[in-house]
Amino acid sequence: MIQDNLHKIQAQMAPGVQLIAVSKTKPVEDLQQAYDAGQRIFGENKALEMRDKHQVLPSDIQWHFIGHLQTNKIKYIAPFVSLIHSIDSLNLLIAVNKEAVKNNRVIDCLLQFHIATEETKFGLDMAEAEALLSSPEFAQLHNIRIVGVMGMATNTDDKNLIRSEFSTLKQYHTRLADTFFAGHPEFKEISMGMSGDYPIAIEEGSTLVRVGSAIFGARNYNIPVNDV
Ligand SMILES: *Cc1c(COP(=O)(O)O)cnc(C)c1O
């Protein structure tokens with residue numbers, strides 16, 4: 001079933017769009033099945049769960065962190081994480097940079113924007129992002145690299161609302177690419193789209209879609225994970 005779902009979704013990826021298989025709460029056997037079907041990018045939202053899975057699964061997997069990241073948990077993923085999607089403050093970025101220095105590497109990050117109408121979703125607004133990028137502290141961070149933006153649309157059936165939120169994120173990306181990141185071709189990623197809305201996200205310019213339940217089935221949040 002995982003293999004069938006994956007192949008169906010992979011076939012819908014436009015050129016330049018990468019599929020992240022969001023495997024949070026799922027057992028390593030499910031991830032291994034996706035791996036065997038050719039999937040190499042996995043998304044997790046708990047640091048210890050990601051570390052534990054990284055330890056037992058093949059080493060050519062790229063691990064993307066997609067959830068709210070606590071500064072005291074960064075150390076668990078800093079040695080291997082490929083991309084952190086959820087940078088929503090200068091303090092978090094400073095903390096990621098510090099762990100990257102310890103590991104003698106540069107960690108790629110996305111700025112997470114608040115594009116949904118719901119209050120509960122994390123993220124920056126444009127003024128906060130510009131303040132972060134203009135700050136002298138940011139200029140001192142040499143072990144992180146900002147490669148794009150991320151956002152989550154409102155959880156709604158209103159496709160027009162979802163489309164307009166994705167379009168807003170794309171405009172934010174363009175604005176930052178033309179200003180703070182002029183001459184930085186690596187600033188090219190727009191992480192948007194989940195199981196319920198990834199086709200719209202692709203139409204609106206997504207480069208990274210984060211799909212979980214449409215690949216692995218519904219999640220059971222009652223399964224304990226070890227760092228809640
Ligand atoms: C869980 C999660 C996803 C995947 O959600 P599905 O609806 O299962 O596809 C994508 N992005 C983030 C940030 C998530 O936390």
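Values in this document were obtained by computation on a predicted structure and should not be read as measured data. As the structure lists them, so they are numbered: ligands from 1, and atoms in each ligand from 1.
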J.: If I apply the N/O under 3.5 Å rule, does Asn45 come out as touching ligand 1?
T.: no
J.: Angle class for the Tyr172/Phe113 ring planes (parallel below 30°, perpendicular above 60°, tilted otherwise)?
T.: tilted
J.: Is it the case that ligand 1 has an N or O less than 3.5 angstrom from some N or O of Gly212?
T.: yes
J.: Between Tyr35 and Asp60, do the side chains contain an N or O donor and an N or O acceptor separated by less than 3.5 Å?
T.: yes
J.: With sequence neighbours excluded, tell me which residues meet side-chain hydrogen bond (donor to acceptor under 3.5 Å, both in side chains) with His173.
T.: none
J.: Show the atoms of ligand 1 that are less than 4.0 angstrom away from any heavy atom in Ser195.
T.: 6 (P), 7 (O), 8 (O), 9 (O)
J.: As a check for students: among Lys24, Arg219, Arg210, His68, identify the option with a heavy atom nearest to atom 11 (N) of ligand 1.
T.: Arg210
J.: Please evaluate residues Glu189 and Thr207 with respect to the criterion side chain to side chain donor-acceptor pair (under 3.5 Å), reporting the C-alpha separation (whole Å), side-chain torsions for both, the decisive distance (0.1 Å), and the verdict.
T.: CA-CA 6 Å; Glu189 305 296 353; Thr207 65; 2.6 Å; yes
J.: Only heavy atoms of Val211, strictly under 4.0 Å: list the atoms of ligand 1 that pass.
T.: 9 (O)
J.: Going by distance alone, is a donor N or O of one side chain under 3.5 Å from an acceptor N or O of the other, for Gln32 and Asp36?
T.: yes
